[in-house]
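Have a look at the structure below, then the notes.
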Amino acid sequence: MRLLSLSILLLAAPGVEVVAYTLDQVEAQFSSYLKLAENGRLSTRGQLPLGCTLACDFLDFALPSQISYPNSTIYSLEESGYWSQQQALTEPTCRFSPKSALDVSFAVLALQVAQCAFAVKSGGHAAFEGASNIQGGMTIDLANLNEITVRSDRTQTAVGAGNIWYDVYTTLQPMGLTVIGGRVSAIGVGGLTLGGGISFFSGRYGWACDNVNNYEVVLADGSIRETAAAINDAFYYLGVNAPSDPYAQVITAYAYAQSVDTYIIASDLQYGKPVANPPILQNFTAVQGAIASTLRIVDQANLTIEFNNTNPGGFRQTYWTLMVGNNADLMADMVAIYMEEIEPLKTVAGIVPSLVFQPITTDMISHFSKNGGNALGLDDQGPLNLVQIDISWSDIADDNRILTAAQKILDGCQAAASAVGLLNKYVYQNYASAGQDVFSGYGQENLARLKAVSAKYDPAQVFQKLQPGYFKLN
Ligand SMILES: Cc1cc2nc3c(=O)[nH]c(=O)nc-3n(C[C@H](O)[C@H](O)[C@H](O)COP(=O)(O)OP(=O)(O)OC[C@H]3O[C@@H](n4cnc5c(N)ncnc54)[C@H](O)[C@@H]3O)c2cc1C
Ligand SMILES: *[C@@H]1O[C@H](CO)[C@@H](O)[C@H](O)[C@H]1NC(C)=O
Ligand SMILES: *[C@@H]1O[C@H](CO)[C@@H](O)[C@H](O)[C@H]1NC(C)=O
Ligand SMILES: *[C@@H]1O[C@H](CO)[C@@H](O)[C@H](O)[C@H]1NC(C)=O
Ligand SMILES: *[C@@H]1O[C@H](CO)[C@@H](O)[C@H](O)[C@H]1NC(C)=O
């Protein structure tokens with residue numbers, strides 16, 4: 001399987017400018033539209049207050065068949081495309097599905113003219129409310145930006161930002177090609193690459209964001225502490241020994257299984273080439289007991305389907321994260337903190353609480369400096385342990401208890417890591433909760449650079465102010 005690099009159509013990332021409309025042109029079209037509408041020559045959906053109703057109606061007029069309204073089949077289908085219930089229950093005034101970068105450019109200007117707040121959705125897997133959907137606003141759904149074109153020399157592929165990784169992999173697989181992308185079939189190309197992007201091959205090639213050549217950009221103007229010790233040790237030694245074999249990757253998850261009222265440990269053992277029981281992973285496979293292991297030879301597309309099946313949509317979800325040094329004792333301390341907070345929540349309807357560890361190896365980090373370097377600020381560190389607190393549940397009435405517990409687990413883990421000098425300031429955007437400060441972890445210099453890029457390419461700060469969801473530079 002050959003790996004290629006990506007070229008992705010995005011909104012709001014620094015890169016190449018699209019030839020597009022001007023604000024004046026869109027303003028002129030908007031006022032002509034208003035006159036037509038006022039003269040009754042257009043059928044409108046009732047009154048025209050400034051804001052999102054107007055922005056929706058105008059776009060529906062200017063770019064027919066790309067706007068959907070609540071209670072329509074398309075709107076309902078698109079709303080069901082979010083992973084978390086919080087996002088699926090969020091109702092924008094309308095949803096806009098652009099067919100090209102030019103459509104996106106037009107819409108971003110129209111949103112400014114009408115002062116309508118908006119959100120942007122790729123794969124819809126960001127967990128918290130407002131990340132890629134917006135109550136009462138306009139959601140730009142990128143699903144139709146789904147081109148996948150391999151360049152004739154087979155070294156690059158252009159991928160529309162509305163694609164999910166499964167479609168990318170299954171298109172490339174018959175050609176003997178693949179890319180550095182997500183590990184769950186239904187994750188979107190847009191969000192994963194913008195936040196970082198840990199792939200099955202990251203030990204050898206870095207994160208997805210390190211393998212993007214260029215973006216086409218639209219500007220704005222548990223009983224666990226026994227087998228557990230062996231697992232934690234295996235995890236620690238994988239971080240240490242990874243440079244001897246970068247094909248190996250592991251996800252170790254501690255979870256509470258309500259149906260059997262017990263804590264379990266699951267290790268997803270991944271090996272980036274078809275070898276049975278590779279030595280680098282044998283400390284894991286040697287551990288006997290209540291361990292679910294997934295080690296066997298599968299193809300990448302099917303593996304992402306399997307991972308998708310273990311992460312069903314439709315539940316309430318929350319993700320939190322921290323980065324710590326590689327240390328087995330600290331892992332045991334964090335598991336104890338997690339279990340203490342989960343104990344009183346064991347009877348919450350549908351609860352699946354997990355504490356997940358992933359080694360961030362020195363090999364992975366070494367790739368961060370290729371292609372000009374990435375802005376994440378993790379260079380020259382490692383091996384590290386990327387910790388994720390990940391809870392799903394059924395009932396909205398339990399939100400406060402769960403979120404309070406998640407915050408306490410985070411605070412407790414941070415304090416435990418600080419106490420032994422192993423807390424890293426980096427906060428992985430793709431696993432962060434809404435209130436976590438992602439960008440300061442990138443470091444002063446990177447943050448200043450991102451702010452300068454934002455000031456230069458988005459002087460009116462449209463993407464910082466009019467698109468309120470998700471993480472902001474200021
Ligand atoms: C079950 C599951 C498995 C996961 N597995 C992995 C994994 O293997 N590796 C990994 O690194 N991460 C993983 N993650 C984290 C994942 O990368 C993030 O949740 C990511 O943000 C999802 O991207 P998306 O496009 O599906 O989400 P969306 O919710 O559509 O987008 C996330 C954010 O990016 C913005 N955005 C998306 N596209 C664009 C664009 N073109 N222009 C401007 N803004 C855009 C959205 O507005 C939103 O704010 C996983 C998450 C889940 C829920
Ligand atoms: C959608 O339909 C429901 C029930 O049929 C109704 O209560 C609601 O007002 C409708 N929403 C819109 C925006 O038309
Ligand atoms: C397996 O664990 C032992 C310690 O128990 C360690 O010395 C060895 O390096 C580990 N092997 C790998 C491949 O991680
Ligand atoms: C995936 O699994 C299916 C059925 O288990 C199999 O038929 C198929 O060949 C596998 N590979 C791909 C690429 O789908
Ligand atoms: C992912 O799983 C959901 C069920 O939670 C399913 O509806 C969806 O079709 C799956 N998508 C892919 C691409 O496997």
Side-chain angles (χ1 to χ4, degrees), residues 8-13 80-84 87 98 101 104 118-128 130-134 139-143 145 160-167 169-170 180-200 202 207-209 215-218 230 233-242 244-245 248-251 268 270 278-284 286 301-302 304-315 317 319 321 328 356 358 386 388 390 392 428-432 434 463 467-472:
I8 297 175
L9 173 71
L10 284 162
L11 280 174
S80 70
Y82 289 94
W83 182 64
S84 78
Q87 289 238 85
V104 177
F118 64 99
V120 177
K121 171 183 179 271
S122 173
H125 269 62
F128 57 81
S132 46
N133 206 1
I134 181 165
T139 298
I140 301 177
D141 193 317
L142 303 175
L145 300 181
N163 278 294
I164 59 169
W165 291 103
Y166 182 73
D167 292 337
Y169 297 146
T170 49
I180 306 299
R183 293 172 296 190
V184 171
S185 53
I187 302 294
V189 164
L192 183 117
T193 56
L194 279 176
I198 307 173
S199 108
F200 295 122
S202 285
W207 287 4
C209 66
Y215 289 110
E216 188 183 352
V217 177
V218 175
D233 282 347
F235 184 97
Y236 167 77
Y237 281 109
L238 180 77
V240 171
N241 293 323
S244 68
D245 187 350
Q249 260 176 251
V250 167
I251 303 176
D268 278 311
Q270 305 158 6
I280 185 84
L281 296 175
Q282 286 173 5
N283 278 345
F284 287 92
N302 276 356
T304 67
I305 288 281
E306 224 174 84
F307 275 39
N308 187 50
N309 291 340
T310 58
N311 292 276
F315 294 96
Q317 306 283 356
Y319 269 24
T321 192
V356 185
Q358 295 186 61
L386 175 58
Q388 188 188 348
D390 163 356
S392 66
Y428 184 41
Q429 172 169 303
N430 285 349
Y431 296 163
F463 294 121
Q467 184 191 9
Y470 224 53
F471 304 98
K472 299 296 150 198

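First listed ligand is number 1; within each ligand, the first listed atom is number 1.
Put simply, the side chain of Gln270 never gets that close to the backbone of Phe200: no donor and acceptor are under 3.5 Å apart. For the pair Asp167 (side chain) and Ile164 (backbone), a donor-acceptor distance under 3.5 Å is absent. In this structure, the side chain of Lys121 does not engage the main chain of Gly162 through any donor-acceptor pair within 3.5 Å. Side chain of Ser122 to backbone of Ala161: a donor-acceptor contact under 3.5 angstrom is found.
Closer than 4.0 angstrom to ligand 3 by heavy atom are Tyr237, Asn241, Ile280, Asn283, sorted by chain and number.
Against a heavy-atom cut-off of under 4.0 Å, Pro312 is close to the following atoms of ligand 5: 5 (O). In the vicinity of Ala126, heavy-atom distances shorter than 4.0 Å reach the ligand 1 atoms 19 (O), 27 (O), 29 (O), 32 (C). Heavy-atom proximity to Gly313, at under 4.0 Å, picks out these atoms of ligand 5: 5 (O). Within ligand 5, the atoms closer than 4.0 Å to a non-hydrogen atom of Ile164 are 13 (C), numbered from 1 in the order shown. Which parts of ligand 5 touch Ser185 is read off a 4.0 Å heavy-atom cut-off, strictly below it: atoms 12 (C), 13 (C), 14 (O). Ligand 1 places these atoms under 4.0 Å from at least one heavy atom of Val184: 3 (C), 5 (N). Set against the non-hydrogen atoms of Ser132, the atoms of ligand 1 under 4.0 Å away are 28 (P), 29 (O), 30 (O), 48 (C).
Heavy atoms only, all atoms of each residue included: Ala127 and Trp83 are closest at CB-CZ3, 4.2 Å.
Contact between Gly197 and ligand 1 is present, with at least one heavy atom of the residue lying under 4.0 Å from the ligand. Heavy atoms of Gly196 come nearer than 4.0 angstrom to ligand 1 in no pair at all. Under a 4.0 angstrom heavy-atom cut-off, Phe463 registers as lying outside contact with ligand 1. At least one heavy atom of Gly124 sits less than 4.0 Å from an atom of ligand 1. Assignment of Tyr319 to the shell around ligand 1 is supported, since a heavy atom sits closer than 4.0 Å.
Polar contact check, Trp83 against ligand 1: no nitrogen or oxygen pair lies under 3.5 Å apart. Remark: ligand 1 and Gly188 share an N or O pair separated by less than 3.5 Å (distance only, no angle test). Residue Ala186 has no nitrogen or oxygen atom sitting less than 3.5 Å from a nitrogen or oxygen atom of ligand 1, judged on distance alone. Remark: ligand 1 and Val120 share an N or O pair separated by less than 3.5 Å (distance only, no angle test). Looking at Gly182 next to ligand 1, no N or O pair under 3.5 Å apart turns up. Where the criterion is an N or O separation shorter than 3.5 Å, residue side chain and backbone included, Asn430 meets it with respect to ligand 1. For a threshold of 3.5 Å applied to N or O pairs, the pair formed by Ile187 and ligand 1 contains no separation below that value. Considering backbone and side-chain atoms alike, Leu194 places every N or O at 3.5 Å or more from each N or O of ligand 1. Checked by distance only, ligand 1 and Lys121 stay at 3.5 Å or farther apart across all their nitrogen or oxygen atoms.
Within the 4.5 Å cutoff, side-chain heavy atoms of Ile198 are placed close to those of Leu386. At a threshold of 4.5 Å between non-hydrogen side-chain atoms, the residues Val189 and Trp165 count as touching.
Note that the NE2 atom of His125 and the CG atom of Asn311 stand 7.0 Å from one another [nearest 0.5 Å].
Partners of Ala432 according to the side-chain contact (heavy atoms from CB on, under 4.5 Å) rule, which considers only residues two or more places apart in sequence or in another chain, are Thr321, Val427, Gln436, Val438, Phe471. Residues satisfying the side-chain contact (heavy atoms from CB on, under 4.5 Å) test with Pro279, not counting sequence neighbours, are Gln282.
Below 30°, between 30° and 60°, or above 60°: for Tyr431 and Tyr319 the angle between ring planes is above 60°, a perpendicular geometry.
Nearest-heavy-atom check against atom 34 (O) of ligand 1 across Gly190, Gly191, Ser202, Cys209 picks out Gly191. Of the candidates His125, Gln358, Gln317, it is His125 that places a heavy atom closest to atom 27 (O) of ligand 1. The heavy atom nearest to atom 24 (P) of ligand 1, out of those in Ala161, Gly123, Ala432, Pro312, is found in Gly123.
There is no side-chain donor-acceptor pair under 3.5 Å between Gln249 and Ser202.
At a 4.0 Å heavy-atom cut-off, ligand 1 touches Tyr428 through the side chain alone. With a 4.0 Å heavy-atom cut-off, ligand 1 is reached by the side chain of Asn311 but not by its N, CA, C or O. If you look at Tyr82 next to ligand 1, there are no close heavy atoms at all, none under 4.0 Å.
Heavy-atom contacts from other residues, nucleotides or ligands closer than 6.0 Å to CZ of Phe315 number 12 or fewer.
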Could you pull out every donor-acceptor pair under 3.5 Å between side chains of residues 235-242 and any protein atom, sequence neighbours left out?
from   : atom 1 : to     : atom 2 : distance (Å)
Asn241 : ND2    : Tyr237 : O      : 3.2

